[in-house]
**Q** 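Before anything else, here's the structure in question.
All of these numbers come straight from a predicted model, not from anything done at the bench. The analysis underlying the following values was restricted to heavy atoms, covering all of them including side chains, and did not include hydrogens, waters or symmetry mates.
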Amino acid sequence: MFTGIIEECGTVQAVRRDGRSEKITISAETIPGSLKPGDSVAVNGICLTVTSCTEDGFPADVMPETMRRSALSQLKTGSRVNLERVMPVN
């Protein structure tokens, strides 16, 4: 579940085809340090799953249907995106 509160703005570092899906790599200052593979992050309001982590960013796979039906299809290198982590259980 997400709170609807944008925590940080990130920057798209890359959008590339990866087999049958697209891979979007996003850089940010705060959020990446607390992520681990498998975590969910809302990117411009669309829930994506983190596939790996670095100190300054993360990639996420985006399925073709999500690309067709969302504004994620308009992202390109340098695009700014809103980021939100899931709400903690407590």
Side-chain angles (χ1 to χ4, degrees):
M1 179 186 289
F2 294 94
T3 63
I5 299 170
I6 297 165
E7 294 182 59
E8 182 175 7
C9 289
T11 303
V12 174
Q13 295 300 309
V15 179
R16 65 179 173 84
R17 184 119 185 75
D18 188 28
R20 297 184 71 186
S21 65
E22 303 276 339
K23 185 175 288 287
I24 295 178
T25 304
I26 298 170
S27 67
E29 292 181 20
T30 307
I31 288 178
S34 65
L35 295 176
K36 61 185 181 313
D39 284 352
S40 294
V41 175
V43 176
N44 283 356
I46 298 162
C47 181
L48 299 179
T49 303
V50 173
T51 57
S52 63
C53 304
T54 65
E55 288 182 15
D56 64 347
F58 62 92
D61 292 329
V62 184
M63 296 298 108
E65 188 70 9
T66 302
M67 291 300 280
R68 277 193 297 277
R69 295 186 177 265
S70 73
L72 293 181
S73 63
Q74 298 173 9
L75 295 179
K76 57 187 177 225
T77 300
S79 295
R80 299 287 288 163
V81 291
N82 296 322
L83 303 174
E84 176 190 353
R85 288 177 287 188
V86 294
M87 186 170 67
V89 176
N90 59 2

**Q** If you compare all heavy atoms of Pro32 against all heavy atoms of Thr54, which two are closest, and at what distance to 0.1 Å?
**A** CB-O, 3.7 Å
**Q** For a side chain to side chain contact (heavy atoms under 4.5 Å, CB included) check, start with the C-alpha distance between Leu83 and Val43, then their side-chain angles and the critical distance, and finish with the verdict.
**A** CA-CA 5 Å; Leu83 303 174; Val43 176; 3.9 Å; yes
**Q** Considering all heavy atoms of both residues, which atom of Ile26 and which atom of Gly10 are nearest to each other, and what is their separation?
**A** CG2-CA, 4.3 Å
**Q** Give the minimum heavy-atom separation between Phe2 and Ser40, together with the two atoms involved.
**A** CZ-CB, 4.2 Å
**Q** Which heavy-atom pair separates Phe58 from Ser52 by the least distance, and what is that distance?
**A** CB-O, 3.5 Å
**Q** Could you tell me the separation between the CD atom of Glu29 and the CD atom of Glu55, rounded to the nearest 0.5 Å?
**A** 13.0 Å
**Q** Between CZ of Arg85 and CD1 of Ile5, what distance do you get to the nearest 0.5 Å?
**A** 12.0 Å
**Q** Any chance CD of Glu8 has more than 12 other-residue heavy atoms, nucleotides or ligands included, within less than 6.0 Å?
**A** yes
**Q** Looking at CG of Leu75 and OG of Ser70, how far apart are the two atoms once the value is rounded to the nearest 0.5 Å?
**A** 8.0 Å
**Q** Can you confirm whether more than 12 heavy atoms, excluding those of Arg20, are under 6.0 Å from its CZ atom?
**A** no
**Q** Does Asn82 offer a backbone N or O that forms a donor-acceptor pair with the side chain of Asn44 under 3.5 Å?
**A** yes
**Q** Cys9 and Val81: side chain to side chain contact (heavy atoms under 4.5 Å, CB included), yes or no, with the steps?
**A** CA-CA 5 Å; Cys9 289; Val81 291; over 6 Å; no
**Q** So which atom in Thr77 and which in Ala14 form the shortest heavy-atom distance, rounded to 0.1 Å?
**A** OG1-CA, 3.9 Å
**Q** Determine the minimum heavy-atom distance between Gly4 and Glu84, stating which atoms define it.
**A** N-OE2, 2.6 Å
**Q** Give a yes or no on this: more than 12 heavy atoms of other residues, nucleotides or ligands lie within 6.0 Å of atom CD of Glu65.
**A** yes
**Q** Between Val15, Leu72, Ile46, which is the residue that forms a side chain to side chain contact (heavy atoms under 4.5 Å, CB included) with Val62?
**A** Leu72
**Q** Between Glu22 and Arg17, does at least one N-O distance fall below 4.0 Å, as a salt bridge requires?
**A** yes
**Q** Using only atom types and a distance under 3.5 Å, with no angle test, would you say the side chain of Thr51 pairs donor to acceptor with the backbone of Pro59?
**A** yes
